[in-house]
Amino acid sequence: MKSSSLYAVLLGGYLLLLNSSTVLAITLQQAKQQGLVGETNTGFIAAIKSSNNADVSRLINSVNNHRQETYQAISQSHDLSLSTVKQRAYYKAIEKTQAGHFYQNSHGSWQKK
């Protein structure tokens, strides 16, 4: 498949993920703005500090479960390895990360954009 089509699928999936947490007590964007979670170098989100509350833990689990399902579907439908899909999603997430939000660099260290 052409890379532009894969890009569109990944972007669409990523935008869906951004909006999928709205039924939770805290949204993904709120958690990012508060510095509670960030984008990991594996294509998922994680807590910046280990002392998060139950709402943040539920948010992380919900978003990551949805991302895993999305990555697997993209991997199968486009005949790509799961690691390739996750890596591309990570780079896309970094591009979309807003100033002041956290992400992991390739070595796993948290960075503020």
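No hydrogens, no waters, no symmetry mates; every other heavy atom, side chains included, goes into these values.
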Check your understanding: Would Thr70 and Val85 count as a side chain to side chain contact (heavy atoms under 4.5 Å, CB included) if you check the C-alpha gap in whole Å, the side-chain angles of each, and the deciding distance to 0.1 Å?
Key -> CA-CA 10 Å; Thr70 301; Val85 174; over 6 Å; no
Study note, to complete from the structure: Looking only at heavy atoms, the pair that brings Val56 and Asn53 closest together is N-OD1, 2.9 Å
**Study point:** Gap separating the CD1 atom of Ile74 from the CZ atom of Arg88, nearest 0.5 angstrom
**Key:** 10.5 Å
**Study point:** Spatial distance of atom CG (Asn65) from atom CD1 (Ile60) [nearest 0.5 Å]
**Key:** 11.5 Å
Review point. Any donor and acceptor pair, going by atom type alone, linking the side chain of Ser75 with main-chain N or O of Tyr71 inside 3.5 Å?
Key: no
Check your understanding: So, are Lys113 and Glu39 salt-bridged, with charged N and O less than 4.0 Å apart?
Key -> no
**Study point:** Audit row: Lys32, Leu28, side chain to side chain contact (heavy atoms under 4.5 Å, CB included) steps and yes/no
**Key:** CA-CA 6 Å; Lys32 285 181 174 184; Leu28 179 56; 3.9 Å; yes
Study note, to complete from the structure: Note: Ile26 and Leu59 closest approach over all heavy atoms is O-CD1, 3.7 Å
Check your understanding: In Å and rounded to the nearest 0.5 Å, what is the CD to NZ distance from Gln98 to Lys96?
Key -> 10.0 Å
Review point. Shortest non-hydrogen contact from Ser106 to Asn41?
Key: O-ND2, 3.4 Å
Review point. Side chains of His101 and Gln29: closer than 4.5 Å at any heavy-atom pair?
Key: yes
Check your understanding: Does a side-chain heavy-atom distance below 4.5 Å link Leu36 with Lys49?
Key -> no
Review point. Atom CZ of Phe102 and atom CD1 of Ile48: how far apart are they, to the nearest 0.5 Å?
Key: 5.5 Å
Check your understanding: Are the side chain of Gln30 and the backbone N or O of Thr27 linked by a donor-acceptor pair below 3.5 Å?
Key -> yes
Review point. For Gln68 and Lys86, what are the C-alpha separation, side-chain angles and deciding distance, and is it a side chain to side chain contact (heavy atoms under 4.5 Å, CB included)?
Key: CA-CA 9 Å; Gln68 181 66 28; Lys86 288 178 181 180; 3.7 Å; yes
Check your understanding: Got a sec: does the NZ of Lys112 have more than 12 other heavy atoms crowding it under 6.0 Å?
Key -> no
Exercise for review: Please name the pair of heavy atoms, one in Tyr90 and one in Gln104, separated by the smallest distance, quoted to 0.1 Å.
Suggested key: OH-O, 2.6 Å
Check your understanding: Do the side chain of Thr40 and the main chain of Phe44 share a donor and acceptor less than 3.5 angstrom apart?
Key -> yes
Practice item. Count the heavy atoms of every other residue, nucleotide or ligand shown that sit under 6.0 Å from CG of Asn105, and state whether that count exceeds 12. Key: yes
